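Keep in mind it's a predicted model, so treat the numbers as computed, not measured.
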Amino acid sequence: MFDLVLNSFFASIPVFIFFGIGFWLRYKKAIAPEHDSVILQLAMDVGYPCLIFHSIMKYMVVEANPVMSTFGFSLQGILCGFLELLVGVLAAYAVAWVLRLKIGTGLRTFTLTAGVQNYVFFVVPIIQMLFSAPGDPTLGVLFIHNMGCEIFVWSLGVILMCGGVKDLRIGMLLRGPLQAVIISLIIAWVGLGEYVALPPIMKAAEMIGAVSTPICLIIFGCSLYDLTRNFVWQPRMLAAGVITRLMIAPALILLLAWVLPVDPLLKRIMVIQCAIPSAVIPVILAKRFGGRPDVGAQVLLATTLCSFVTLPFWLAMGSKYVVPLLSTAP
């Protein structure tokens with residue numbers, strides 16, 4: 001148990017190093033706020049889809065992992081990702097109700113920000129640290145799982161933030177990362193992988209995809225610098241966000257992972273996801289759909305900083321009671 005806590009602690013350090021680099025670059029004005037969107041577009045619409053394509057092709061086609069290659073496994077992964085965020089959002093709504101938040105005072109923004117974890121770029125480096133054994137498919141499983149997360153955020157998440165379906169558009173759902181998952185899965189399912197996953201293509205995808213995680217974490221660090229300067233702190237909101245995202249939601253998600261009759265690889269992803277702090281996407285949605293981005297920003301910042309302490313604990317609990325977090329090649 002102590003070894004896992006220690007390894008989990010060390011696995012989270014690279015994430016905070018990138019945050020620190022971004023924070024420092026913004027402080028030194030090396031990256032201006034107006035540059036963020038262009039850099040993120042490069043990472044999210046080019047680098048991240050390449051990372052997804054490479055990971056799915058590697059384990060489903062090149063190495064032909066017998067578990068990941070099945071249609072049923074993909075459906076299980078998508079369902080786990082969707083249910084995971086649903087549980088988190090319901091928990092956050094209950095806390096918001098206790099706080100007596102209403103629309104206009106942060107109800108929708110708090111619910112989505114405290115309920116949705118940073119299921120992509122906070123998780124990738126941790127998986128790369130904890131599961132580095134040759135042939136370990138955990139990273140590929142993550143992207144299948146995250147398809148369910150994307151579907152939740154860009155459907156129910158948008159509906160929650162804007163208060164209805166009037167602003168919901170199909171184009172929101174069909175973003176680059178989700179398209180990459182869909183296309184990669186279809187290629188693998190129909191047997192075209194051997195014609196697509198060629199060594200030059202795989203190498204190019206691997207090299208391009210490798211830059212997406214550091215870039216996004218650095219830009220997130222820049223955003224943290226901006227957040228610390230532009231709003232008035234609300235201690236009650238900070239405490240509620242930490243309690244919800246880093247205490248209540250992890251316990252419920254671990255219970256869900258323990259109950260669901262799914263493959264241990266998916267349980268492994270759920271254990272890791274339960275410990276992750278809030279995502280930046282709800283803050284962006286709050287800005288776009290008239291929410292309270294100041295509320296979301298505080299929850300985002302507080303949970304990110306406090307997760308440095310809570311993350312190893314929840315990973316250790318999940319490893320003990322749900323599924324062992326061991327890096328083993330199949």
Say whether, by atom type as modelled, one donor and one acceptor occur between the side chain of Arg245 and the main chain of Gly115 under 3.5 angstrom. yes
Hey, could you give me the CZ/CD distance between Phe53 and Gln179, rounded to the nearest 0.5 Å? 14.5 Å
Please check if atom CE in Met207 has more than 12 non-hydrogen atoms from other residues, nucleotides or ligands closer than 6.0 Å. no
What class does the angle between the rings of Phe71 and Trp189 fall in, given that below 30° is parallel, 30 to 60° is tilted and above 60° is perpendicular? perpendicular
Answer yes or no on whether Arg108 is positioned over the face of Tyr93, meaning its NZ or CZ is under 6.0 Å from the six-membered ring centre and within 45° of the axis. no
Quick check on the 6.0 Å ring-centre criterion: do Tyr48 and Phe143 meet it? yes
With Asp36 via salt bridge (Lys or Arg N to Asp or Glu O under 4.0 Å) - residues at least two apart: Arg26
Apart from Val46 itself, members of its ILVMFWY cluster (side-chain separation under 4.5 Å) are Leu42, Ile208
N/O donor-acceptor pair under 3.5 Å between Ser55 side chain and Gly140 backbone: no
Taking the side chain as C-beta and beyond, is there a heavy-atom pair between Leu40 and Cys216 under 4.5 Å? yes
Is a side-chain N or O of Ser319 found less than 3.5 angstrom from the main chain of Leu315, in a donor-acceptor match? no
Does His145 form a side-chain hydrogen bond (donor to acceptor under 3.5 Å, both in side chains) with Gln76? I'd like the steps, not just the answer. CA-CA 8 Å; His145 163 279; Gln76 283 186 21; over 6 Å; no
Not counting sequence neighbours, list each pair that qualifies as a salt bridge (Lys or Arg N to Asp or Glu O under 4.0 Å) and has a residue in residues 195-223. Lys203-Glu206
Report yes or no: does Ser184 contribute a side-chain atom to a donor-acceptor pair with the main-chain N or O of Val181 at less than 3.5 Å? no
Calculate, to the nearest 0.5 Å, the distance between atoms CZ and CD1 belonging to Phe19 and Ile218 respectively. 11.0 Å
Side-chain contact test, heavy atoms from C-beta onward, threshold under 4.5 Å: evaluate it for Leu156 versus Phe82 and give yes or no. yes
Backbone N or O of Ser278 within a donor-acceptor pair of the Thr303 side chain at under 3.5 Å? yes
